Amino acid sequence: MENDFLAHLNSEQRGAVEATEGPVMIIAGAGSGKTRVLTYRIAHLLNKGVDPYRVLSLTFTNKAAREMKERIAHLIGDHARDLWMGTFHSVFARLLRREATKIGYPANFTIYDTDDSKTLLKSIVKEMSLNDTAYKASSLLGRISSMKTMLISPKEYLNDIQYINEDRAARREHFAQIYETYNKRLYKSGAMDFDDLLYHTNMLLRDHPESLLKYQDMFRYILVDEYQDTNFSQYMILRQLAARHLNICVVGDDAQSIYAFRGANIQNILNFQKHYPDTQIFKLEQNYRSTKTIVAAANQVISKNRDQLQKTVWTSNEEGEKIRVSRAFSDSEEGRLIAQSIFDTRVSKQAKNKEFAILYRTNAQSRPLEEALRKLNIPYRIYGGVSFYQRKEIKDLMAYFRLTINQHDEEALRRVINYPVRGIGDTTFDKMIVAAADNDVSIWTVMENIADFNLPLQTRAIEKIKEFVTLIKSFTALLPDYPAYKMGDYIASTSGIMKELYQDRTPEGVNRMENIQELLNGLKDFTEKADQEGPVPTLDKFMEDIALLTSEDINEDEEHDADKVLLMTIHAAKGLEFNYVYIGGLEENLFPSQMAIMSREELEEERRLFYVAITRAKKQANLSYSISRYKYGNSLSCEPSRFLEEIPQDCVENVISYSSNSSSSSNDSYSGFPRSPKVFNVSPPVMKPAPTFGKKLVSLKKVSSGAPVDNSHLTDLQAGAKVEHDRFGIGEVITIEGRYPNSKAIVMFENGEKKQLLLRFARLKILS
DNA sequence: GGACGTTCTGTTTTT
DNA sequence: CAGAACGTCC
């Protein structure tokens with residue numbers, strides 16, 4: 001059995017698997033079978049008789065952890081379940097729940113996501129009556145995050161002359177105080193933000209020797225995937241945990257370090273050997289994934305970076321096709337080129353949709369790509385993107401869940417105290433915040449004892465608060481006995497959320513209702529999957545790690561295997577591979593990003609990102625750029641990315657335009673769009689926004705959902721003006737005749753989309 | 001307190 | 001351009 005699976009490894013890989021004792025660093029080039037080595041290494045350990053719960057294996061995403069677990073279970077069997085395996089955040093959240101009381105937290109602490117953190121910061125800035133343009137929540141959170149990553153507490157921050165001077169220079173003298181208040185509020189709320197999970201783990205291990213010893217002893221073998229992307233806080237946790245047995249194995253590729261922006265420190269991997277003097281190093285240099293062409297191009301590009309560990313990635317795979325570089329006229333044409341190419345390749349190579357991926361630097365680039373794919377009826381899926389759990393309706397319901405579990409959760413309270421409307425407005429809430437701060441308690445405590453605080457509130461408001469407290473308490477009382485689904489369903493209806501959503505019959509409203517239903521289905525699954533013999537699968541158990549999930553961690557069954565082209569950011573593509581990869585938007589200032597071309601380090605990170613992108617391809621890589629790109633309604637001219645020049649020219653085939661290739665789909669369905677000019681030595685066209693007259697011609701009365709708009713909905717119509725409209729795709733064309741002869745306004749809106757889009761409609765601009 | 005309308009402001013990547 | 005924040009009116 002043992003030799004059975006080890007036979008699947010090459011000699012490099014096998015060495016890395018069998019060196020179980022002492023510090024080990026595995027430098028794994030792109031496509032070198034890193035995951036295989038990690039899984040076999042763990043399987044090998046278990047085979048040798050190591051108890052699964054003594055193995056701590058940290059991965060970068062939940063998905064990677066899940067896949068690895070499955071593969072190990074396949075090799076070894078069921079007790080793979082008992083491995084400590086997951087992301088840093090999820091594993092240490094789990095550990096902290098066990099030890100929470102030691103650091104003064106309740107075991108059911110809430111995990112704040114970025115939105116919660118930002119809302120809290122906004123509130124703090126407002127309470128301190130500071131200028132919220134100088135103190136922007138996102139930049140405050142960024143700085144707080146990097147401080148926590150460096151393990152610098154507010155107190156230490158205050159005592160650091162350099163930080164204080166920095167803040168003075170940057171005119172944010174109050175940062176230290178904000179940081180302190182923020183932490184205090186988190187604490188009062190029984191909440192941690194993402195960085196706290198690692199920070200507090202560090203503190204637990206640092207300040208509680210008995211805990212340190214316990215976990216050092218427990219985790220005899222530590223494995224870390226994607227080590228190049230660990231930050232200082234994570235490094236310190238590892239250092240503390242591994243200090244006793246020194247059985248720490250890190251796997252990574254410095255060439256694929258792409259998370260410096262969130263504190264990842266590439267020095268961790270570059271200096272591993274210094275930190276652990278007896279390190280055995282293994283290099284996996286054979287690439288099993290890509291063609292010779294792709295490997296050669298990637299090697300050449302990454303060689304421009306200065307900071308690197310020496311290694312030579314090679315492959316015995318076939319030469320393969322050249323990398324195609326195409327130039328487009330605009331971002332929408334680029335989308336069409338890519339979609340058309342996918343369409344054609346599907347036929348010529350007999351390929352399935354899911355063999356294709358389109359990668360881009362920023363999420364905003366997906367839209368023109370989606371449009372083009374839709375036009376050719378190519379099914380696609382956006383991988384990652386906004387998490388299911390970020391949607392408003394989901395967050396609202398989950399806020400009730402959170403509040404039921406932990407009443408002190410300020411952000412959950414803020415979300416739902418007046419949703420559905422129950423007459424507790426901002427003024428009341430603000431007064432309670434002040435009272436809470438004055439008395440050094442949570443807002444919930446104020447509400448619970450509202451009468452004792454003698455707040456200047458109307459009797460009615462006080463009554464409403466009492467009702468709300470009673471409502472939440474009634475939920476909490478049921479929590480231990482109700483299974484998660486029953487509890488969730490009960491909360492959804494009793495809180496009034498269901499009623500609120502049910503009243504909204506617009507398509508969006510219906511959609512929101514479906515999302516809620518989906519969340520409840522998730523609860524049902526969770527409840528049903530639970531061990532019948534075991535403890536009741538309560539709602540708080542369900543909620544434990546949910547804040548740490550991404551949209552890829554749900555819905556896996558249905559969507560995962562669907563035959564669809566995948567669209568994603570390059571960051572999200574790490575660890576994945578595809579036969580045909582398209583990388584769009586290779587324009588200077590976009591990729592590399594204009595934010596990142598100031599320093600060598602940043603530029604090198606962008607280059608590593610490009611390296612990651614190109615090495616996702618197994619058979620063929622296609623690169624493209626546009627000479628103009630829409631941004632904020634304007635079209636800006638663009639230069640090709642410097643990375644294109646860094647690819648060896650003998651690996652490249654330049655493709656002018658797919659538009660000239662009329663082999664398929666020559667119908668005129670999008671003939672209205674500009675085609676790529678055949679000659680390129682013309683200066684890039686810059687489209688100007690259409691001239692507008694700010695004059696308000698017409699206002700729109702409320703339109704009931706789905707109903708077509710007609711003259712009776714319009715008020716303030718210019719004298720003599722007439723409105724005609726017809727269907728045009730998903731929107732409508734409105735033609736106005738009147739004061740301005742031949743003037744025309746085209747307004748696209750989806751039926752029922754009554755908020756912003758219809759308001760826009762009311763402010764018609766005349767296109768001359 | 002809420003609906004409606006206007007003004008402002010973004011835009012890198014994510015556990 | 002789109003969404004968020006803010007302001008005004010009932």
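Since we're looking at a predicted model, the values are computed, not measured. Labels below follow one simple rule: chain letters A, B, ... track the order of the sequence lines, proteins then strands, and each chain is numbered from 1.
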Engineer: Please work out if A/Lys122 contacts a base, only the sugar-phosphate, or nothing of the nucleic acid, heavy-atom cut-off 4.0 Å.
Structural biologist: sugar-phosphate
Engineer: Could you tell me how far apart A/Met568 (CE) and B/dT14 (P) are, to the nearest whole angstrom?
Structural biologist: 12 Å
Engineer: Where the side chain of A/Lys136 is defined as all heavy atoms beyond and including C-beta, which of B/dT14, B/dT12, B/dG10 is the nearest nucleotide?
Structural biologist: B/dG10
Engineer: With respect to the side chain of A/Ala572, which nucleotide from B/dT13, B/dT15, B/dT14 is positioned closest?
Structural biologist: B/dT14
Engineer: To the nearest angstrom, how far is A/Gln228 atom CD from B/dT15 atom P?
Structural biologist: 15 Å
Engineer: Assess whether a salt bridge exists between A/Arg367 and A/Glu371, defined as any Lys/Arg side-chain N lying under 4.0 Å from an Asp/Glu carboxylate O.
Structural biologist: no
Engineer: A/Leu141 CG to B/dT13 P: how many Å, rounded?
Structural biologist: 15 Å
Engineer: Let me know, please, whether A/Phe194 or A/Ser138 comes out on the 5' side of the other along DNA chain B by nearest nucleotide.
Structural biologist: A/Ser138
Engineer: Under 4.0 Å, counting only non-hydrogen atoms across every strand here, what does A/Lys464 touch: a base, just sugar-phosphate, or nothing?
Structural biologist: nothing
Engineer: Looking at A/Tyr419, is A/Lys392 sitting on its ring face, NZ or CZ under 6.0 Å from the six-membered ring centre and within 45 degrees of the normal?
Structural biologist: yes
Engineer: Specify the separation, in whole Å, of atom NZ of A/Lys574 and atom P of B/dT14.
Structural biologist: 12 Å
Engineer: Distance check needed: B/dT15 C1' versus A/Tyr235 OH, whole Å only.
Structural biologist: 22 Å
Engineer: NA contact type, A/Ile111, heavy-atom cut-off 4.0 Å: base, sugar-phosphate, or nothing?
Structural biologist: nothing
Engineer: Rounded to the nearest Å, what distance is computed from the OH atom of residue A/Tyr383 to the C1' atom of nucleotide B/dT14?
Structural biologist: 13 Å
Engineer: Can you tell me, in whole Å, how much space there is between the P of B/dT13 and that of C/dA4?
Structural biologist: 16 Å
Engineer: Considering only side-chain heavy atoms of A/Arg367, which listed nucleotide, B/dT14, B/dT15, C/dA2, is closest?
Structural biologist: C/dA2
Engineer: Where do A/His571 and A/Tyr259 land on the ring-ring contact (aromatic ring centres under 6.0 Å, His included) test, with the steps shown first?
Structural biologist: CA-CA 8 Å; A/His571 284 88; A/Tyr259 282 100; 5.1 Å; yes
Engineer: Does a side-chain N or O of A/Thr569 approach OP1 or OP2 of B/dT12 to a distance below 4.0 Å, or not?
Structural biologist: no
Engineer: Is A/Tyr259 touching bases, backbone alone, or none of the nucleic acid, heavy atoms closer than 4.0 Å?
Structural biologist: sugar-phosphate
Engineer: Counting side-chain heavy atoms from CB outward, which of B/dT12, B/dT15, B/dT14 is closest to A/Arg361?
Structural biologist: B/dT12
Engineer: Could you state the atom-to-atom distance from NZ of A/Lys126 to P of C/dC6 in whole Å?
Structural biologist: 8 Å
Engineer: Report the C-alpha separation of A/Arg402 and A/Glu411 in whole Å, then their side-chain angles, then the decisive distance to 0.1 Å, and conclude whether the salt bridge (Lys or Arg N to Asp or Glu O under 4.0 Å) test is met.
Structural biologist: CA-CA 9 Å; A/Arg402 281 163 57 175; A/Glu411 293 314 307; over 6 Å; no
Engineer: Can you measure A/Asp115 atom CG to C/dA4 atom C1' for me and round it to whole angstrom units?
Structural biologist: 12 Å
Engineer: Can a side-chain donor-acceptor contact be found between A/Ser90 and A/Thr87 if the only test is distance below 3.5 angstrom?
Structural biologist: yes
Engineer: Count the heavy atoms belonging to other residues, nucleotides or ligands that lie under 6.0 Å from CG of A/Asp115, then report whether that count exceeds 12.
Structural biologist: yes
Engineer: Closest-nucleotide mapping onto DNA chain B: is A/Pro420 or A/Ser593 further toward the 5' terminus? I mean the 5' end.
Structural biologist: A/Pro420
Engineer: Think A/Asn363 has a side-chain N or O under 4.0 angstrom from the OP1 or OP2 of B/dT12?
Structural biologist: no
Engineer: Any base atoms under 4.0 Å from A/Asp195, or only sugar-phosphate, or nothing? Heavy atoms, all strands.
Structural biologist: nothing
